[in-house]
Amino acid sequence: MKRLLFALLCLLSLTARASEPIATTADATESENFNPGEMILHHIGDSHEWHWFSMGETHVTTYLPVIAYRAGSGLSVFSSHELAEGKVHEGLKLEHEHLISTDGAKVYDFSITKNVATLMIASVLMLIVFITVARGYAKRGTAAPRGMQSFFEPLIIFIRDEVAKKSIGPKYERYMPYLLTVFFFIWFSNLLGLLPGGANLTGNIAVTLTLAVITLLITLFSSNKNYWAHIFATPGVPKALLPIMIPVELIGIVVKPFSLMVRLFANITAGHIVTLSFISLIFIFRNIGIAPVSLAFGLFIFFLELLVAILQAYIFTLLTAMYIGGAVEDHHDADYQMGGGDGAAPAKAH
């Protein structure tokens with residue numbers, strides 16, 4: 001834990017300030033040629049460097065490690081500062097944030113990009129938060145929670161009682177670690193993306209794809225015979241229709257995680273695009289009169305995104321629990337979810 005924090009601090013401390021003289025005529029040309037689409041795509045996309053802000057001619061940027069492997073040249077590790085402004089280093093260069101080799105060789109890019117660094121930060125935050133919460137429970141037991149423990153306990157109980165128990169049933173306990181992890185990871189990542197200079201981690205389709213694939217694998221490996229019976233012999237469906245229904249059900253297995261992936265990616269990315277679009281109006285019209293309206297709408301969308309941040313985490317977790325619940329459901333689980341049953345199952349829910 002200490003080594004991970006030390007490495008992260010060393011990574012973030014590699015901040016360089018690059019100063020470039022810019023003429024007044026160049027400023028005017030840049031203002032006239034302002035491209036909002038390019039600016040927005042730059043802010044929501046991944047990058048090998050982390051640009052924080054600019055003050056006049058000073059640009060504050062964190063240059064991240066470039067880690068690349070080529071079959072003929074082996075492993076290359078250096079700072080992305082070596083590739084800034086189109087420079088070539090060790091036969092590598094950046095084109096639209098894609099690392100390519102000048103000799104055309106295949107490049108395997110394992111670099112610590114802005115999104116990867118944000119993922120590390122979110123992971124460290126989760127470790128700090130939940131180690132602190134766990135120590136609080138170990139120290140105080142069933143006594144009233146304090147500090148950080150009192151803030152996160154209602155959220156943990158909500159995920160357990162309103163999501164896991166109701167969607168999965170009596171087997172919910174084995175899936176609680178994953179449900180809590182995915183909920184807080186998405187929420188923390190969404191909030192980090194709203195900070196000034198933050199990275200659009202959950203707006204990266206590769207990240208949402210990975211989360212969706214993990215959910216799919218857990219669902220499939222947890223499934224029982226009743227789950228597959230509903231797919232290959234859907235109750236109430238005439239046998240003559242099974243050749244049509246079976247492919248539809250099999251497609252549905254893949255469509256569910258696909259919808260998880262697209263929903264999270266689209267909602268988070270759309271929020272960033274709308275906010276930046278309102279801010280861009282100031283530079284498009286180049287009129288101070290439009291600034292109050294543009295900033296007002298931008299702030300409104302920003303605060304709306306604070307709600308969306310936790311809402312999307314909740315939706316992803318809820319649908320994940322529902323998909324898992326459908327895979328592990330037994331005949332008696334319906335009674336458990338309705339609050340009935342023989343009394344044994346409800347007693348297991350603390």
Side-chain angles (χ1 to χ4, degrees), residues 12 30-31 33-55 59-62 64 80 94 96-98 111-126 182-212 258-285 290-317 319:
L12 295 178
E30 184 179 351
S31 178
N33 299 329
F34 174 72
N35 188 333
E38 183 179 344
M39 183 274 294
I40 292 172
L41 289 176
H42 172 74
H43 279 80
I44 67 174
D46 201 2
S47 176
H48 286 76
E49 63 182 33
W50 201 326
H51 179 75
W52 298 98
F53 60 89
S54 299
M55 295 182 63
H59 307 283
V60 180
T61 304
T62 298
L64 302 170
S80 60
L94 285 174
H96 304 291
E97 290 303 330
H98 292 288
S111 303
I112 307 297
T113 62
K114 185 167 65 172
N115 281 344
V116 175
T118 302
L119 189 149
M120 292 178 177
I121 294 172
S123 301
V124 170
L125 283 176
M126 290 180 65
V182 76
F183 173 80
F184 285 103
F185 173 76
I186 294 174
W187 186 33
F188 284 11
S189 299
N190 291 345
L191 292 178
L192 288 173
L194 294 175
L195 294 175
N200 185 30
L201 179 59
T202 42
N204 186 318
I205 194 70
V207 174
T208 59
L209 170 63
T210 302
L211 293 174
F258 179 80
S259 67
L260 284 178
M261 172 188 71
V262 173
R263 180 184 290 106
L264 180 57
F265 161 76
N267 279 281
I268 299 304
T269 301
H272 287 281
I273 291 175
V274 172
T275 303
L276 292 170
S277 297
F278 280 120
I279 302 302
S280 298
L281 293 177
I282 301 173
F283 304 97
I284 293 173
F285 289 100
I290 198 69
V293 178
S294 177
L295 290 175
F297 278 102
L299 285 173
F300 172 75
I301 298 299
F302 174 80
F303 286 111
L304 187 63
E305 282 296 294
L306 291 176
L307 175 62
V308 172
I310 192 169
L311 182 62
Q312 288 303 316
Y314 165 70
I315 291 174
F316 194 102
T317 308
L319 291 177

Closest non-hydrogen atom pair between [X] and [Y], with its separation:
X	Y	answer
L64	K114	CD1-N, 3.4 Å
F265	T269	O-OG1, 2.8 Å
L192	I121	CD1-CG2, 4.1 Å
M126	F185	SD-CA, 3.5 Å
G203	I268	N-CG2, 4.0 Å
A199	T118	CB-OG1, 3.0 Å

With a 4.5 Å cut-off on side-chain heavy atoms, are [Y] and [X] touching?
X	Y	result
L194	F302	yes
R263	L319	yes
I44	L41	yes
L281	F297	no
V116	S111	no
I310	I186	no
T208	L260	no

Knowing that exactly one of H96, E97, H98 qualifies, which makes a side-chain contact (heavy atoms from CB on, under 4.5 Å) with L94?
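Running side-chain contact (heavy atoms from CB on, under 4.5 Å) over H96, E97, H98 with L94 returns exactly one hit, E97.
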
Do the side chain of W50 and the main chain of G197 share a donor and acceptor less than 3.5 angstrom apart?
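Confirmed, W50 side chain pairs with G197 backbone.
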
Exam field: side chain S80 to backbone H48, donor-acceptor pair closer than 3.5 Å:
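Between the backbone of H48 and the side chain of S80 there is a qualifying donor-acceptor contact (under 3.5 Å).
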
Working to the nearest 0.5 angstrom, can you tell me the gap between [X] [atom1] and [Y] [atom2]?
X	Y	atom1	atom2	answer
T210	L119	OG1	CG	9.0 Å
L191	L201	CG	CG	12.0 Å
L295	I290	CG	CD1	10.0 Å
S189	L264	OG	CG	9.0 Å

Distance-only polar pair, side chains of W52 and T62, donor-acceptor under 3.5 Å
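Checked: W52/T62 side chains pair up, N/O donor to acceptor below 3.5 Å.
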
